[in-house]
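To start, the structure itself, in structure tokens.
Heavy atoms only: backbone and side chains are in, while hydrogens, waters and symmetry mates are out. Order of appearance sets the numbers: ligands from 1, and atoms from 1 within every ligand.
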Amino acid sequence: MTASVSNPACVRVGTRPKVVLYNPQAVFFTFPLALLAIGSELDPERYEVVIIDARLETDAPSVVLSHLEGALCVGVTVLTGAPISDALQVSRAVKRARPDLPVVWGGWHPSMFASECLAEPSVDITVRGQGEETFVEIVQRLAEGRSLEGCAGCTVRLPDGRIHENPARALAPVDKFRAHDYDLIPVERYFQLKGKRQLDYISSQGCNFRCAFCSDPFVYGRKWVGLEPNRMALRLKELWDRYQFDDVNFQDETFFTKRERVREMAERIIESGMKITWAATMRADQGVRLPDDVWAKCKQSGLRRLLVGVESGSNEMLKRIRKDIKIEQVFATAEKMVQHGIAGHFPFIVGFPDESGASIQESLDVAKRLRSMSPDFLTPIYYFKPYPGSELVIEAVAKGFRLPDTLEEWARFDYVAGLPGPWVTPEKFELIERFKFFHELAWKRVSPGKRLIQRLARYRCTRDFYRWPVEMLFTRWLVPAQKLS
Ligand code: B12
Ligand code: SF4
């Protein structure tokens, strides 16, 4: 058996073959960490890695096409939803220009739909889960003109058109990998576009938990691997010396999985003399268990904001979605944050399949209580969308919910357009939208000119009175709501 992808002609003596990596359009300017991870793992002596980020280019497909000469393959990172349409556009353009050049898709969507993505003729290989080792092996085999038979972690289309899924690859400890080479991307451009000198950094992969609405348990099999803290702090210091950032945004799913790791990292940051702040994710149960001295060290080392997923204000719903936390733990963690002067994002999800009005109301009430604890606490409310690969979706599909079939449909399956799933009635949707508007206004820091309208918003929230929302309609008319995240 041979996979249809082999490209030895590109390997030229004396020149390094190129590996072209593409990050599709998105709204925020988070660094393309997935591409940094797989690109940094390729031996720079052997390959020239080119990262193209559609968010930085006016005509990204042309930039990709201009790099195809001498390329071994094109790798694309693909999230579910809108990024798929850009990924398709670029992959098709590559195939038109160089039908022989393998196109590799990796990231969250291909990890869940490895074979389905290969129904698209412009995609030759998909990678499941952690990508570093799999991608190195793919590139090496392509460079040597070898087949991808037995290359763990990837799925390929065979010459006869059949799709062949190689076995899964075990999750490797991230310490084994080379440090991410931030020189592969124009760091200063990201700072400019973000409007702040904020470095994105990933210090772990996966998650041990089992939330029924999340695809992580499916993609990483409830495993977690994290960088050794001393190495991480040293690396951050090197990056700080080079890029002089003010803030680090840790993009980990659950940064506080190992509290001793966090303690050591905080101590090393303090000793290093870096003048930075940082933000990360924390589960409410982890916050409760975190010893006071670690809270204090985190604050001292610059911790400025935590993202603590609440998901629901109802303990019954939290049990159903297997979040494995209690509302009381959310408040206990929030108290600690107030005590240590740490800001918070506490996201909620409403409209789970068959969620009752009373359960949604419990979420709105908990959001109100949290916001009133600190003007630095935000409580964004999202509508449940059936994320592929999660338990709740399996349940919903069993009850007749239909997931998209094609990549084009998945591209339109936009999680962030602000619309609810079929489980939220139009009346509930209207109530929640109004609540979100007034609640946001009621507790945030406002200029003296907006104090009156803020008082009105507080009045509405304390009485749950959201009828005739003229203030909301006027504001929305002035500033239309953002469509994508
Ligand atoms: C940064 C981020 C974003 C950024 C993306 C920036 C960008 N680069 O374009 C922004 C803010 C735009 C974003 C948006 C959203 N995101 Co987001 N995001 C993240 C986050 C926090 C970090 C991603 C990251 O850089 N990870 C670090 C890298 C190293 O890990 P990785 O991406 O998994 O990559 C590894 C493998 O997947 C693989 N790999 C990845 N790409 C490729 C490519 C190739 C060629 C190969 C071989 C391998 C490979 O190798 C990498 C190294 O091992 C993740 C959570 C997480 N920690 O991963 C969520 C996450 C990816 N997002 C998620 C969600 C739900 C969303 C939103 C719906 C959020 C929302 N409600 O607004 C939207 C949806 C996107 C859309 N439709 O527009 C989900 C998964 C969604 C999905 N099924 O695709 C995640 C997993 C969070 C979660 N647990 O729910 N997100
Ligand atoms: S929601 Fe967070 S804690 Fe739960 S499984 Fe997903 S990543 Fe882990």
Side-chain angles (χ1 to χ4, degrees), residues 19-41 53-55 73-87 103-113 125-136 138-139 153-154 171-172 174 177 180 200-220 222 224-225 249-255 257 281-286 307 309 311 321-325 347 349 380 382-383 385 387-391 410-411 413-418 484-485:
V19 174
V20 181
L21 300 176
Y22 185 75
N23 189 84
Q25 282 290 355
V27 178
F28 292 121
F29 295 102
T30 320
F31 293 9
L33 295 176
L35 301 184
L36 263 189
I38 56 165
S40 305
E41 200 51 24
D53 189 333
R55 297 168 297 173
C73 66
V74 173
V76 186
T77 183
V78 191
L79 286 178
T80 305
I84 292 177
S85 76
D86 190 21
V103 172
V104 188
W105 276 21
W108 289 83
H109 197 76
S111 293
M112 292 178 285
F113 296 100
I125 307 163
T126 49
V127 170
R128 311 190 296 277
Q130 191 184 46
E132 286 87 339
E133 289 182 325
T134 307
F135 194 56
V136 168
I138 290 172
V139 170
C154 75
L171 187 66
V174 277
F177 301 141
H180 294 175
D200 291 300
Y201 193 87
I202 185 92
S203 80
S204 66
Q205 281 185 316
C207 171
N208 295 142
F209 293 87
R210 55 168 193 163
C211 308
F213 56 89
C214 178
S215 26
D216 204 293
F218 178 86
V219 172
Y220 283 99
R222 296 189 63 189
W224 179 93
V225 281
N249 203 3
F250 287 104
Q251 295 290 342
D252 306 51
E253 293 275 54
T254 49
F255 184 78
T257 297
T281 48
M282 175 190 266
R283 284 176 47 94
D285 52 334
Q286 293 169 341
L307 186 145
E311 327 303 359
I321 62 175
R322 303 217 231 127
K323 182 73 191 176
D324 293 338
I325 59 167
I349 303 175
Y382 299 104
Y383 296 100
K385 291 285 162 78
Y387 286 68
S390 66
E391 288 282 322
W410 276 115
F413 183 83
D414 193 349
Y415 295 117
V416 243
L484 285 169
S485 80

Applying a 4.0 Å heavy-atom criterion (strictly less than), which segment of [X] is in contact with ligand 1: side chain, backbone, both, or neither?
{"X": "T134", "result": "neither"}
{"X": "I202", "result": "side chain"}
{"X": "V27", "result": "neither"}

So is there a nitrogen or oxygen of [X] less than 3.5 Å from a nitrogen or oxygen in ligand 1?
{"X": "L79", "answer": "no"}
{"X": "H109", "answer": "no"}
{"X": "Y382", "answer": "no"}
{"X": "Q130", "answer": "no"}

Would you say C207 reaches atom 6 (Fe) of ligand 2 with an N/O/S atom under 2.8 Å?
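Checking C207: none of its N, O or S atoms is under 2.8 Å.
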Under a 4.0 angstrom heavy-atom cut-off, which atoms of ligand 1 come close to V76?
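Those qualifying, in numeric order: 43 (C), 44 (C), 45 (C).
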Interfacing atoms of ligand 1 (cut-off 4.0 Å, heavy-atom, A82):
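Counting from 1, the qualifying ligand atoms are 77 (N).
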For D53 and P24, work out which heavy atoms get closest and say how close.
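Nearest heavy atoms, D53 then P24: OD1-O, 4.5 Å.
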Applying a 4.0 Å heavy-atom criterion (strictly less than), which segment of C211 is in contact with ligand 2: side chain, backbone, both, or neither?
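It is both backbone and side chain that touch ligand 2.
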Quick one: does V78's side chain get under 4.5 Å of Y22's, heavy atoms only?
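The answer is no, as the side chains (C-beta and beyond) never meet within the 4.5 Å cut-off.
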Give the numbers and elements of all ligand 2 atoms closer than 4.0 Å to a heavy atom of R283.
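The list of qualifying atoms is 3 (S).
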Which ligand 2 atoms are under 4.0 Å away from a heavy-atom of F213?
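Checking each atom against F213, I get 1 (S).
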